[in-house]
2 protein chains.
Amino acid sequence: MKVKSKSDYFTREQEQAARFAKALGHPVRIAILQLLHSQTCCYHGDMADELPVAKSTISQHLNELKDAGLIQGDITPPTVKYCINADNWELAKKLFNQVLE
Amino acid sequence: MKVKSKSDYFTREQEQAARFAKALGHPVRIAILQLLHSQTCCYHGDMADELPVAKSTISQHLNELKDAGLIQGDITPPTVKYCINADNWELAKKLFNQVLE
DNA sequence: AATATTGTTCGTACATTTGCGAACAATACA
DNA sequence: TGTATTGTTCGCAAATGTACGAACAATATT
């Protein structure tokens with residue numbers, strides 16, 4: 001007998017808004033997004049120089065932003081150039097504004 | 001000898017944006033904000049009826065939203081009427097929009 | 001083939017978050 | 001004074017998040 005799954009209680013918009021918000025919910029990730037947006041610093045290594053955390057930690061934060069769809073990586077070894085996913089960023093802003101109409 | 005504290009690496013805006021975002025980073029809390037905004041359901045008990053979590057869990061989520069400054073509670077025992085903190089909600093939206101200019 | 005550069009993954013440790021039911025507090029009512 | 005009603009707090013368990021250095025992978029350079 002099938003019990004109503006938890007994901008049925010929330011709309012896709014609610015889940016998506018929460019997902020985006022969670023990804024933004026750390027100062028390092030906010031800073032990463034701003035660095036990416038400034039265009040002067042799209043490479044992982046450049047960010048590691050700017051931010052007060054280990055590069056492995058930055059890798060994790062980059063992954064979370066990537067999984068949330070807020071950024072995308074352009075791999076040309078040995079460097080990786082990260083960019084903001086403009087479409088999803090717009091979507092995120094739209095959802096946030098939409099939460100309270 | 002004073003070592004640079006971690007909070008010095010991020011601006012107040014970055015910290016505040018991350019704080020708001022973190023508070024929004026859960027479907028239940030998104031739903032709570034929307035229920036509050038709909039005005040038909042400002043009491044804790046009403047939310048407990050709508051949401052698929054225990055009332056004690058809702059209490060925790062309400063506290064997190066309150067601590068983040070996104071809502072405020074109007075206590076008239078035995079009920080508590082929660083309302084959105086409009087000023088901070090505006091600030092949050094402003095900060096989110098401001099993150100990427 | 002060695003070496004250097006860039007970034008990810010792994011292993012570990014610790015803190016925070018999420019969730020529940022039980023117990024508690026505070027008021028209103030019988 | 002019982003007894004509902006409404007929410008919060010407590011105690012616990014499990015999951016997730018944060019952070020680091022070491023090890024690894026992939027390429028470019030010597």
Side-chain angles (χ1 to χ4, degrees), chain A residues 3-10 14-15 18-33 35-36 41-68 70-83, chain B residues 3-10 14-15 18-33 35-36 41-68 70-83:
Chain A
V3 173
K4 195 170 189 182
S5 105
K6 202 147 166 198
S7 59
D8 293 339
Y9 287 100
F10 303 105
Q14 289 174 323
E15 296 277 4
R19 184 112 202 276
F20 282 142
K22 192 175 181 186
L24 290 173
H26 194 287
V28 166
R29 294 195 288 270
I30 293 282
I32 285 174
L33 282 174
L35 284 172
L36 289 184
C41 179
C42 272
Y43 294 96
H44 183 155
D46 296 332
M47 295 187 247
D49 293 339
E50 299 277 344
L51 300 170
V53 286
K55 62 177 183 166
S56 55
T57 302
I58 293 186
S59 225
Q60 288 186 59
H61 284 302
L62 286 170
N63 256 321
E64 286 173 55
L65 288 169
K66 191 148 54 92
D67 289 345
L70 289 172
I71 66 175
Q72 55 206 49
D74 188 0
I75 306 173
T76 58
T79 64
V80 181
K81 185 179 185 176
Y82 280 103
C83 298
Chain B
V3 173
K4 194 169 189 182
S5 105
K6 201 146 165 199
S7 59
D8 293 339
Y9 286 99
F10 303 104
Q14 288 174 324
E15 297 276 4
R19 184 111 202 276
F20 282 142
K22 192 174 181 185
L24 290 173
H26 194 287
V28 167
R29 294 195 289 271
I30 294 282
I32 285 174
L33 283 174
L35 284 172
L36 290 184
C41 177
C42 272
Y43 295 96
H44 182 153
D46 296 331
M47 295 188 247
D49 293 339
E50 298 278 345
L51 300 171
V53 286
K55 61 177 183 168
S56 57
T57 303
I58 293 185
S59 226
Q60 288 185 60
H61 285 301
L62 287 170
N63 255 321
E64 286 172 54
L65 288 169
K66 192 148 53 93
D67 289 346
L70 289 173
I71 67 174
Q72 55 206 48
D74 188 2
I75 305 173
T76 58
T79 65
V80 181
K81 185 179 185 177
Y82 280 103
C83 298

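These numbers come from a predicted model, not from an experiment.
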Just wondering, do A:M47 and A:L36 contact through their side chains at under 4.5 Å, heavy atoms? yes
Whole-Å distance, B:L65 CG to C:dT18 P, equals 10 Å
By side-chain contact (heavy atoms from CB on, under 4.5 Å), B:D67 pairs with (sequence neighbours left out) B:R19
To the nearest 0.5 Å, atom CD1 of A:I32 lies from atom CD of A:E64 at 9.0 Å
D:dT16 phosphate, OP1 or OP2: any side-chain N/O from A:H26 under 4.0 angstrom?
no
Ring pair (Phe, Tyr, Trp, His ring centres under 6.0 Å) filter on A:H44, not counting sequence neighbours, yields none
Hey, does the side chain of B:H61 come within less than 4.0 Å of C:dT17's phosphate (OP1/OP2), counting only N and O?
no
note: A:E64, atom CD; D:dT18, atom C1'; distance rounded to Å ~ 9 Å
Across all chains, not counting sequence neighbours, the side-chain contact (heavy atoms from CB on, under 4.5 Å) partners of B:H26 are B:V28, B:R29, B:H61
Once base and sugar-phosphate atoms are separated, protein heavy atoms under 4.0 Å mark nucleotides 7-16 of chain C, 5' to 3', with B, S and - as BBB------S
Contacts of B:Q60 meeting side chain to side chain donor-acceptor pair (under 3.5 Å) (sequence neighbours excluded), chain-then-number -> none
